[in-house]
Colleague: 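The structure that follows is given in the form of structure tokens.
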Amino acid sequence: MDNMRNKELADMFNAIGDALEFKGENPFKIIAYRKAARVLSDMTEDIESIHQRGKLREIPGIGEGIAKKIDEYLRTGKMKKYEEAKRDIPEGLLELLSIQSVGPKTLALAHKNLGVKSLSDFKKVASDGSLAKLPGMGNKKVENILKGMERFEVSKERISLGDAIPLVQSIVEKLNRLKGVKDVSPAGSLRRFKETVGDIDILVTGTEGSKIIDYFTKLPEVGQILAKGETKGSVVMRTGQQVDVRVLSEDSYGAALQYFTGSKAHNIKLRHMARERGLKISEYGVFKGSKKIAGRIEEEVYRTLNLPWIPAELREDRGEIETAIDGKLPQLVKYEEIKGDLHVHSKYSDGSATVEELAIEAKRLGYEYIAICDHSKSVKYAGGLSEDRLLEEIEEIDRINAKLKGITVLKGTEVDILQNGKLDYPNSLLSKLDIVVAAIHTSFKKDCNKRMMSAMENPYVKVIAHPTGRLISSREGYVIDINEVIGYAAKTNTALEINAYYDRLDLNDVNSRKAKDLGVKLSIGTDAHHKHQLWMMKLGVGVARRGWLEKKDLLNTLSVTKLRNL
DNA sequence: GCCGTTTTCGGCCCGACTGTTTTCAGTCG
């Protein structure tokens with residue numbers, strides 16, 4: 001619920017952009033609207049407060065025209081330009097732009113000449129030959145559009161990071177085994193650890209491109225081949241994800257990696273800077289006139305602009321380039337600096353592994369500790385522990401700690417924050433634990449701010465778990481003012497969790513950064529319910545890095561002793 | 001529509017591929 005106006009305005013400007021594109025307006029005008037939309041949704045500050053201070057024009061990407069429209073909307077609740085854009089175009093038509101090989105020109109052509117208003121109209125004119133007869137169209141184009149429609153109907157969802165990473169790992173391993181392959185690296189939003197990814201991009205250096213592409217397109221998990229050449233192969237996996245592999249020469253590997261990692265906004269800004277210096281950046285290198293001056297590694301590309309290398313997770317055009325110019329980039333936390341997982345479930349509640357199995361797996365992962373935080377008694381559907389059961393678990397943890405060397409099991413709980421704001425266990429019990437994580441699991445619309453704040457006032461509560469409650473694939477989350485929660489966490493010195501479970505990633509990148517800026521510590525927990533889910537720590541670290549977090553901002557980098565004495 | 005140590009007007013990020021063309025438009029990443 002945070003910054004709602006920003007989101008509304010961003011959606012409106014994106015819609016205007018789509019409409020103008022459909023109408024064939026000046027492309028740069030369209031870019032301007034989309035840029036304004038992106039800036040608004042990336043902003044941590046509420047647009048209303050900026051508006052009240054009269055500082056709209058100071059936001060980069062917001063000029064006279066768009067500032068006026070924002071003002072109009074915030075004052076009257078309406079925006080004429082937006083109403084106009086919506087009025088002229090049939091509902092749902094612009095969604096068809098997501099069909100592969102269909103862009104604004106093709107769609108406008110079909111709409112004007114053949115009256116296409118929906119997917120079924122569009123399919124009909126594609127199949128009966130009338131679309132192919134239009135000027136500039138032809139049989140091959142229409143064939144591609146029909147293929148695109150098939151894919152459009154199956155799924156247009158972005159892939160979750162938790163599904164994409166294992167898939168990419170297995171492809172990377174297979175490519176690495178092939179003779180003639182030197183480097184293999186994922187690029188794109190996956191490398192930036194964005195919470196969902198569109199298509200998966202993998203870059204390869206090696207000789208004999210066509211052999212590499214041939215091998216890739218014949219992998220057993222490939223369902224359909226979209227394109228196949230000497231430098232690029234594009235496929236749809238049986239599981240539905242699109243994967244592109246590109247083969248490059250070593251002397252342009254860095255430039256290509258930089259280019260294909262994105263984000264688009266980050267790259268546009270870099271190319272803008274290059275232009276000012278009389279340079280040109282492409283996926284093949286940095287050029288001064290026709291002379292190539294960089295391209296082997298990413299560092300070279302950044303160096304030509306007098307910039308330090310910028311970690312992929314920061315490349316969103318959220319101030320990282322300006323900060324790099326000032327030489328003030330954060331020392332992002334590294335996965336190797338994480339000493340343990342601070343939120344894991346065992347068989348005692350709804351997990352599938354025993355405490356000992358989890359401890360052994362944690363040790364194998366190189367951790368110093370793992371915190372077992374099973375559910376508390378009121379959470380019946382998740383096998384919440386009665387007070388006696390928790391005491392038994394505490395005793396078992398003591399026995400395991402005595403037995404196992406090289407790993408410490410921390411006694412914890414994910415104690416429920418009840419409807420009335422009270423905790424599900426008495427303080428006398430909480431005092432026996434190493435770490436108390438508190439969370440809301442019921443009544444998402446009832447007094448969530450008040451309940452969380454009252455939990456933070458409890459001296460034993462060290463962490464608030466999944467503070468917004470959202471599920472990426474399916475749920476909005478609590479009705480909550482996250483800014484107030486973050487502010488109160490700062491005041492009470494309570495840490496907020498970055499829940500690393502792939503469908504949560506909660507807090508997200510932007511809110512984690514906000515928390516850090518207010519001096520709040522963060523705690524990464526996988527919320528794993530199986531021992532094979534502990535790897536998702538990597539996703540949590542990805543979110544932390546996207547949130548500009550450093551080692552000192554996280555509880556997971558503290559020693560066991562310091563954690564216990566929090 | 002935005003923006004300015006070359007500009008308040010005239011630019012605006014770059015290249016490949018494909019299919020339709022006979023020199024280029026549209027789409028994509």
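Letters A, B, ... are given to chains in the order of the sequence lines, protein chains preceding strands, and every chain is numbered from 1.
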Colleague: Looking at every strand, decide which applies to A:Lys68 at a 4.0 Å heavy-atom threshold: base, sugar-phosphate, or nothing.
Modeller: nothing
Colleague: Under a 4.0 Å threshold between the charged nitrogen and the carboxylate oxygen, would A:Lys194 count as salt-bridged to A:Glu316?
Modeller: no
Colleague: Nearest of B:dG19, B:dC2, B:dG15 to any side-chain atom of A:Ala32?
Modeller: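 Output: B:dC2.
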Colleague: I need the NE2-C1' distance between A:His272 and B:dC3, as an integer number of Å.
Modeller: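 The distance from NE2 of A:His272 to C1' of B:dC3 comes to 8 Å, rounded to the nearest Å.
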Colleague: Could you tell me how far B:dC9 sits from B:dC17 if I compare only their P atoms? Round to whole Å.
Modeller: 41 Å
Colleague: So if I take every side-chain heavy atom of A:Tyr33 and compare against B:dT27, B:dG1, B:dC14, which nucleotide ends up nearest?
Modeller: B:dG1
Colleague: I want to verify a distance call: between B:dT20, B:dT27, B:dG15, whose nearest atom is closest to the A:Glu283 side chain?
Modeller: B:dG15
Colleague: Would one find more than 12 heavy atoms of other residues, nucleotides or ligands at under 6.0 Å from atom CD of A:Glu230?
Modeller: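 No, the 6.0 Å shell around CD holds no more than 12 heavy atoms from other groups.
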Colleague: With the side chain of A:Lys140 defined as its heavy atoms from C-beta on, choose the nearest nucleotide among B:dC12, B:dT20, B:dG26.
Modeller: B:dT20
Colleague: Starting from C1' on B:dC2, measure out to CG on A:Asp317 and report it in whole angstrom.
Modeller: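 Checked: the CG to C1' distance equals 14 Å.
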Colleague: Contact class for A:Ile30 vs. all strands (heavy atom < 4.0 Å): base, sugar-phosphate, or nothing?
Modeller: nothing
Colleague: To the nearest Å, how far apart are A:Asp244 CG and B:dC28 P?
Modeller: 13 Å
Colleague: Within the 4.0 Å heavy-atom criterion, would you say A:Ile99 contacts the bases, only the backbone, or no part of the nucleic acid?
Modeller: sugar-phosphate
Colleague: Does NZ in A:Lys292 sit with more than 12 non-hydrogen atoms of other residues, nucleotides or ligands closer than 6.0 Å?
Modeller: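 Enclosed.
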Colleague: In terms of side-chain heavy atoms of A:Tyr284, which of B:dC28, B:dA16, B:dG19 is nearest?
Modeller: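 Looking only at heavy atoms from C-beta outward on A:Tyr284, the closest nucleotide is B:dA16.
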Colleague: Could you tell me the separation between the CE atom of A:Met536 and the CD1 atom of A:Ile524, rounded to the nearest 0.5 Å?
Modeller: 14.5 Å
Colleague: Give a yes/no on whether any side-chain N or O of A:Ser101 is located under 4.0 angstrom from OP1 or OP2 of B:dC28.
Modeller: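 No, outside the criterion.
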Colleague: What integer distance in Å separates A:Lys147:NZ from B:dC28:P?
Modeller: 14 Å
Colleague: Would you indicate which nucleotide in B:dG26, B:dC12, B:dC2 comes nearest to any side-chain atom of A:Ile66?
Modeller: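 From the listed options, B:dC2 comes nearest.
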Colleague: Closer than 4.0 Å, any side-chain N/O of A:Asn144 to the OP1 or OP2 of B:dT18?
Modeller: no
Colleague: Which whole number of Å gives the distance between the C1' atom of B:dG15 and that of B:dG10?
Modeller: 24 Å
Colleague: Step by step, would you call A:Tyr33 with A:Lys69 a side chain to side chain contact (heavy atoms under 4.5 Å, CB included)?
Modeller: CA-CA 11 Å; A:Tyr33 275 110; A:Lys69 292 180 180 76; 3.3 Å; yes
Colleague: Side chain of A:Ser282: nearest nucleotide among B:dG26, B:dG29, B:dG15?
Modeller: B:dG15
Colleague: Considering only atom P, compute the distance from B:dT21 to B:dC14 and round it to an integer number of Å.
Modeller: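 Here B:dT21 and B:dC14 have their P atoms 30 Å from each other.
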Colleague: Between A:Lys81 and A:Lys105, just flag the one whose closest nucleotide in DNA chain B comes earlier from the 5' side.
Modeller: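 Per heavy-atom nearest nucleotide, the more 5' residue is A:Lys81.
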Colleague: Round to a whole Å and report the spacing from CD1 of A:Ile31 to P of B:dG11.
Modeller: 16 Å
Colleague: Specify the separation, in whole Å, of atom CD1 of A:Ile16 and atom P of B:dC2.
Modeller: 11 Å
Colleague: Less than 4.0 angstrom from a charged side-chain N to a carboxylate O is my criterion; do A:Arg34 and A:Asp18 meet it?
Modeller: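 A salt bridge is present here (some side-chain N lies under 4.0 Å from a carboxylate O).
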Colleague: Could you work out the separation of B:dG11 and B:dT6 based on their C1' atoms and round it to a whole Å?
Modeller: 13 Å
Colleague: For the side chain of A:Lys29, counting heavy atoms from C-beta on, which of B:dG29, B:dC2, B:dG1 is nearest?
Modeller: B:dG1
Colleague: Is B:dT8 paired to anything, Watson-Crick or G-U wobble with both distances less than 3.5 Å, and if yes, which nucleotide?
Modeller: none
Colleague: Any heavy-atom pair between the side chains of A:Ile159 and A:Leu167 that's under 4.5 Å?
Modeller: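 With C-beta onward as the side chain, the pair stays apart.
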Colleague: Atom CZ in A:Arg246, atom OG1 in A:Thr205: separation rounded to 0.5 Å?
Modeller: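 One finds 15.0 Å between CZ of A:Arg246 and OG1 of A:Thr205.
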Colleague: Using the C1' atom in both, what is the distance from B:dT7 to B:dC12, to the nearest Å?
Modeller: 13 Å
Colleague: What integer distance in Å separates A:Lys264:NZ from B:dC12:P?
Modeller: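 One finds 16 Å between P of B:dC12 and NZ of A:Lys264, rounded.
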Colleague: Tell me what A:Pro104 touches on the nucleic acid: a base, only sugar-phosphate, or nothing, going by heavy atoms under 4.0 Å.
Modeller: sugar-phosphate
Colleague: Check whether any side-chain N or O of A:Arg246 sits under 4.0 Å from OP1 or OP2 of B:dA16, and answer yes or no.
Modeller: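 For B:dA16, neither OP1 nor OP2 has a side-chain N or O of A:Arg246 closer than 4.0 Å.
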Colleague: A:Glu25 has an atom CD; how far is it from atom P of B:dC12, in whole Å?
Modeller: 19 Å
Colleague: Side chain of A:Lys141, heavy atoms from C-beta onward: which of B:dG19, B:dC14, B:dG29 has the nearest atom to it?
Modeller: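 Between B:dG19, B:dC14, B:dG29, the one nearest the side chain of A:Lys141 would be B:dG19.
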Colleague: Assign each of A:Thr106 and A:Glu64 to its nearest nucleotide of DNA chain B by heavy atoms, then name whichever residue's nucleotide is nearer the 5' end.
Modeller: A:Glu64
Colleague: Looking at the angle O4'-C1'-N9-C4 for a purine or O4'-C1'-N1-C2 for a pyrimidine, is B:dT7 syn or anti, with syn meaning within 90° of 0?
Modeller: syn
Colleague: Looking for any heavy atom pair under 4.0 Å, which part of the strands does A:Gly61 touch: base, sugar-phosphate only, or nothing?
Modeller: sugar-phosphate
Colleague: Suppose you measure atom P in B:dA16 against the same atom in B:dT8; what distance do you get, rounded to whole Å?
Modeller: 34 Å
Colleague: Under 4.0 Å, counting only non-hydrogen atoms across every strand here, what does A:Ile62 touch: a base, just sugar-phosphate, or nothing?
Modeller: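 A:Ile62: backbone/sugar contact only, no base atoms under 4.0 Å.
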